[in-house]
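Note that the structure is a prediction, hence the values are computed from the model and not measured.
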Amino acid sequence: MFFRIQLLTLNIATAILLIFFLCLGSQNLGKKYSIDFLINKTVALPIGFLIGTSFTIGLMSGGLTSVLMINNDD
């Protein structure tokens, strides 16, 4: 159980750091895009921020899946 909590904490901390550096790095980018959902549009965001955010969400979901798949045979 303690190993699972360590892995989950490491995964979340890594994702938070990636989002933090992504926000710092994408402040002065010129070309911006918005995502068109069915109901409304998002604010204009740099394409690197959109790709980095999707990468970070994938990192978190993959890490959470791997933590949940660990067997507790101890």
*Side chains of Ile51 and Phe55: does their closest heavy-atom pair fall under 4.5 Å?*
no
Only distances under 3.5 Å count here; give the side-chain donor-acceptor pairs of residues 5-12 to other protein atoms, sequence neighbours excluded, each with its distance to 0.1 Å.
from	atom 1	to	atom 2	distance (Å)
Thr9	OG1	Ile5	O	2.7
Asn11	ND2	Met60	O	3.3

*Nearest non-hydrogen partners of Ser66 and Gly63, listed with the distance*: OG-O, 2.8 Å
*Mind checking whether Leu59 and Leu17 sit in one hydrophobic cluster, side chains of I, L, V, M, F, W, Y counted as touching below 4.5 Å?*
no
*In a check of side chain to side chain contact (heavy atoms under 4.5 Å, CB included) between Thr53 and each of Ile57, Thr56, Leu50, which one passes?*
Ile57
_Note, Ile19 side chain near Cys23 side chain (heavy atom, < 4.5 Å)_ = yes
_Would you say Phe49 ends up clustered with Val43 if hydrophobic residues are merged whenever their side chains have heavy atoms under 4.5 Å apart, either directly or through other cluster members?_
yes
